[in-house]
Protein chains: 2
Amino acid sequence: MSMRQNDHPRPLNLEDIARKAGVSRSTVSRVINDEPYVSETTRVKVQAVIRSEGYSPNPAARMLVTQRTRVIGVVIPHTLHVAFQDPYYFPTLLQGVAEATTSRDYAMLLWMGERGEEETFYSRILRQNRLMDGLIIASATSDDPLVAHLVETGTPFVMVERPSRFTDRISYVSVDNVQAAQQAVAHLVNLGRTRIGTITGALDIVDGADRLTGYRNALHVAGLPFDPALVAEGRFTHQSGYVGAKRLLKAQVDAIFAASDITAIGALQALDEAGVRVPQDVALVGFDDLPNSVQVTPQLTTVRQPIHHKGSLATNLLLDLIEGTLPTPQQQLLPTQLVIRQSCGALAYS
Amino acid sequence: MSMRQNDHPRPLNLEDIARKAGVSRSTVSRVINDEPYVSETTRVKVQAVIRSEGYSPNPAARMLVTQRTRVIGVVIPHTLHVAFQDPYYFPTLLQGVAEATTSRDYAMLLWMGERGEEETFYSRILRQNRLMDGLIIASATSDDPLVAHLVETGTPFVMVERPSRFTDRISYVSVDNVQAAQQAVAHLVNLGRTRIGTITGALDIVDGADRLTGYRNALHVAGLPFDPALVAEGRFTHQSGYVGAKRLLKAQVDAIFAASDITAIGALQALDEAGVRVPQDVALVGFDDLPNSVQVTPQLTTVRQPIHHKGSLATNLLLDLIEGTLPTPQQQLLPTQLVIRQSCGALAYS
DNA sequence: CGTAAGTTTGGGAGCGCTCTCACAATCATG
DNA sequence: CATGATTGTGAGAGCGCTCCCAAACTTACG
C-alpha cells in the first residue's frame with residue numbers, strides 16, 4: 001500500500017542463513033570469518049547461501065562482542081584553516097587515508113572542527129571513542145588536550161605532523177621539512193644567489209618552524225650570514241607572500257624561499273608589480289607543488305611532498321598498531337623532492 | 001610493569017553506574033536518554049555519578065537494540081576529479097555536513113572512491129549499510145547503480161546535485177545552475193556585450209549542462225542568436241579555459257562566460273598572452289567564487305554558490321528523513337549570488 | 001582393533017544496551 | 001476511604017553476533 005521505509009523486511013541474521021544452509025549459527029560464523037575447521041563442502045554450501053541472500057553480518061552485534069569496530073577516526077581540528085592554506089592538502093591526505101582504510105577493510109569516521117569550538121569538539125570525539133579503534137590526527141599540535149586524553153585512555157593514534165612535544169613517545173608520519181627547506185635554499189645558493197630571503201609559514205606550526213630552520217641551516221652550510229632583515233614572517237597565505245615580498249625587496253634580496261606555493265604566488269604578484277623579473281632579478285622557490293605552481297608565469301620551482309603517501313602510511317601504521325603487529329610508538333619521515341621549474345633560474349631563460 | 005594498551009581497565013557499563021548510584025540499570029538508562037518518569041532527586045544523583053565516572057554508553061550495544069547508529073555516510077565517488085575541479089568545494093561541503101551532523105549529535109563516515117573501482121566501492125558501502133542511518137551523495141549521477149540499490153534497500157539518502165533521472169523521486173539539494181548562469185550572462189548583455197562566448201564545464205555532469213542551458217536562455221531573452229562557434233566545450237579545468245579562450249578569440253568574442261573560476265583563470269592567461277585587455281576588449285565572468293578569483297588581475301566577476309550551506313542543508317534534510325519528521329522526497333534549490341568585480345567591466349576601470 | 005589425536009559440528013553464554021511489563025508508591029476524586 | 005489514574009522503579013528478555021566447550025566423527029598408529 002504505502003511506500004514507507006519500514007515496509008522493508010527485517011534483514012537476515014546468522015540464524016536465518018544457518019537454517020537455510022542446514023547448518024548451525026556457529027558454522028556460518030566460521031565461514032564468514034574464514035576460520036579453519038570447516039569442511040570444504042559445507043563452506044561452499046554456506047557461501048552460496050550467503051551470496052544468494054546478499055547477507056552481511058550486523059556490524060553492531062560484531063562490535064559488541066569483539067570490542068573492535070573496524071572503524072578509524074580522522075581528526076582535522078581546524079578545517080578551514082587547513083583548507084585555505086593548501087586546498088589540495090586536505091582532500092589528498094584524506095584520499096590516502098581512504099585508500100589504506102578500504103584496502104584493509106576499515107571505514108573512516110571524519111571529525112572536522114571549527115575554530116573556537118575545541119572543547120566540545122574534543123569531548124565529542126572522546127565520547128564516541130568506543131566507535132573507533134584508533135585515530136589519525138591531522139594538523140594538531142601535540143600540546144593539544146586531545147593528545148593527552150588519548151594517551152590516557154590508551155587509544156591508538158598516529159599524527160601526520162611531527163609533534164612538538166613528547167616527540168619520542170608519539171607515533172607520527174611527516175616529511176623532513178628541515179631537510180626539504182634546506183635543500184631548496186641550497187639550490188638557490190648553488191645558483192649563485194647570495195642575498196636569499198625567506199617568507200616563513202606560521203611559526204607556531206611545526207612545519208612552518210621547521211622550514212625556517214632548514215633555511216638557516218642552508219645558509220650556515222654555505223657560509224652565508226643569517227640576516228633577520230631577510231626573514232619575513234608569514235602565515236602560509238597568499239597575502240603574507242605579497243606583503244613579505246615587498247618587504248624583502250627593500251632588503252635587496254636576489255632570491256626568495258617561500259614556505260608554501262600560495263605564499264610564493266603572492267610574492268610573485270608583488271614582484272611583478274614592482275617590475276622585478278623572476279628569475280633574472282630575484283629567484284623564487286615555493287613549497288608544496290600545488291597544481292597552481294605550473295599555472296603561473298614563470299612556473300614555480302618548489303618542493304613536492306608526498307601527501308597522499310603520508311595519509312596511507314599513517315593509516316597503515318595505525319592499523320598495524322591496532323592489530324598489534326607493531327610496537328608503539330612508530331615514527332616515519334617521508335622524502336620530499338625538489339621540482340625544478342622556471343622560477344629559480346636553473347633552467348635557461350627563454 | 002609493561003605499558004601495553006590492554007592494561008587499561010574495562011570501561012564501565014550501565015550496570016556499574018547503576019550500582020554506584022544505588023539504582024537499577026533501567027533508571028540509569030532513562031536518565032541518559034532523557035526520558036520522563038525519573039524523580040528529580042535520582043536524576044541528579046545518577047547524573048553526578050555519570051559525570052564523575054566519565055561514563056558514556058557503548059554505541060555498539062545501543063545500535064544493536066535500537067537499529068539506529070547515529071552515523072551517516074558521505075559518499076564522494078570521484079574524489080580527485082572533484083578536488084581538482086574546485087579544490088575548495090570538497091572541504092567546504094564536508095565542513096557544512098560536519099557542522100550539521102555534530103550539531104545534531106551524529107557522526108559522519110566518509111567514503112571516497114577512486115575512478116575505475118566503482119564496483120568494489122559501491123559494494124563496500126552497501127555491505128556496511130547497517131553502520132549508517134542514511135547517506136549524503138556528492139557528485140554522483142543518478143543513473144549510478146548505487147542510487148538504485150539505495151532505493152531498493154530503503155536507505156534514506158540525499159544527493160547534493162540535481163539528479164538527471166528520477167528527479168522527482170529523489171531527495172536533493174543544489175543550486176539553480178541554470179538561473180545562476182543565465183544571470184551572469186544577462187549581466188554581460190546589460191554591459192552591452194553582443195558576441196558573448198562560453199567555455200562550458202563537463203557536459204555529462206548536470207551542473208555543466210545546466211550552466212550551458214542558462215547561457216542559452218540568457219541569449220534567447222536578450223534576442224541574441226545562439227552561435228555554436230561561440231561555445232567551447234571544456235571540462236571545468238584550467239587547461240580547457242586556456243584552450244577554449246584561444247578558440248573563442250578567433251571567433252571574435254567580446255565577452256566570455258566560463259563555467260568555473262579555474263576555467264576563467266585559464267582563459268585569462270590565454271587572453272593575457274594574446275595581448276587582449278580584460279575587461280576592455282573581452283569581458284570575463286567565472287563561476288564558484290574561489291579565493292583565487294581575487295588573487296588574479298583583474299579580479300574575477302563570478303557566481304558565488306553557498307557550498308557550505310548546501311552541505312549543512314542536505315545533512316539536515318537527511319536527518320529529518322531519518323528521524324521521520326519529513327516525508328520523502330525533499331528537494332531544495334539554494335540561491336546563488338553574482339559577485340561583481342573587475343573582469344566584467346561593470347566597475348570603472350582604474 | 002583400541003586409543004589418542006585431529007577435524008568438524010552444534011549449543012550455550014554473554015557482550016551492554018533498550019524496551020516491555022509488572023509492581024510499588026503517590027496523588028486526585030467521588 | 002475505596003478507586004483509579006499517574007508517577008517512579010526494577011527485573012527479564014532479547015538485539016545478532018563471537019567465543020568457549022562438549023560431542024561426534026575421522027584418521028593414524030602401535
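Hydrogens, waters and symmetry mates are skipped; everything else that's a heavy atom, side chains included, is used. Everything numeric in this text was worked out from a predicted model, so none of it was measured. Chain letters run A, B, ... following the sequence lines, proteins first, then strands; residues in each count from 1.
- With hydrogens and angles left out, the side chain of B/R30 and the base of D/dG10 share a donor-acceptor pair within 3.5 Å.
- Remark: A/R162 is not positioned above the aromatic ring of A/Y172, lacking an NZ or CZ atom under 6.0 angstrom from the ring centre and at most 45 degrees off the axis.
- The phosphate of C/dC17 has OP1 or OP2 within less than 4.0 Å of a side-chain N or O from B/Y55.
- OP1 and OP2 of C/dG16 both lie 4.0 Å or more from every side-chain N or O belonging to B/N58.
- In this structure, A/L64 places its CG atom 13 Å from C1' of D/dC19, rounding to the nearest Å.
- Remark: the A/N13 side chain and the A/R25 side chain contain no N/O donor-acceptor pair separated by less than 3.5 Å.
- C/dG10 atom P lies 13 Å from atom CG of A/L14, rounded to whole Å.
- The side chain of B/S29 contributes no N or O atom lying less than 4.0 Å from OP1 or OP2 of C/dC17.
- Minimum interatomic distance between B/M132 and B/I125 (heavy atoms only, all atoms of both residues): CE-O, 3.8 Å.
- Between B/E35 atom CD and D/dG10 atom P the separation is 14 Å, expressed in whole Å.
- Between the OH atom of B/Y37 and the P atom of D/dG10 there is a distance of 17 Å, rounded to whole Å.
- The shortest distance between the side-chain N/O atoms of A/N33 and the OP1/OP2 oxygens of D/dT18 is below 4.0 Å.
- When the shell of 6.0 Å around CZ of A/R43 is examined, it contains more than 12 heavy atoms from other residues, nucleotides or ligands.
- The side chain of B/V65 lies closest to C/dC17 when the candidates are C/dC17, D/dG10, D/dC17.
- Between the CZ atom of A/R130 and the P atom of C/dG16 there is a distance of 8 Å, rounded to whole Å.
- Taking atom CZ of residue A/R19 and atom P of nucleotide C/dG11, one finds them 12 Å apart after rounding to whole Å.
- At C/dG10, one or more side-chain N or O atoms of A/T27 fall inside 4.0 Å of OP1 or OP2 (strictly under the cut-off).
- B/I32 places its CD1 atom 15 Å from the C1' atom of C/dC19, with the value rounded to the nearest Å.
- Of the candidate nucleotides C/dG10, D/dT9, C/dC17, C/dC17 has the atom lying nearest to any side-chain atom of B/A61.
- Using a 4.0 Å cut-off, no side-chain N or O of A/T66 falls inside it from OP1 or OP2 of D/dC19.
- Around the NZ atom of A/K45, the shell of radius 6.0 Å holds more than 12 heavy atoms that belong to other residues, nucleotides or ligands.
- A donor-acceptor contact under 3.5 Å links the side chain of A/R25 to the base of D/dT18.
- The side chain of B/T42 places an N or O atom within less than 4.0 Å of a non-bridging phosphate oxygen (OP1 or OP2) of D/dT9.
- For the pair B/D34 CG and C/dT18 P, the interatomic distance rounds to 12 Å; values are reported in whole Å.
- Counting non-hydrogen atoms under 4.0 angstrom, A/S26 reaches a base of the nucleic acid.
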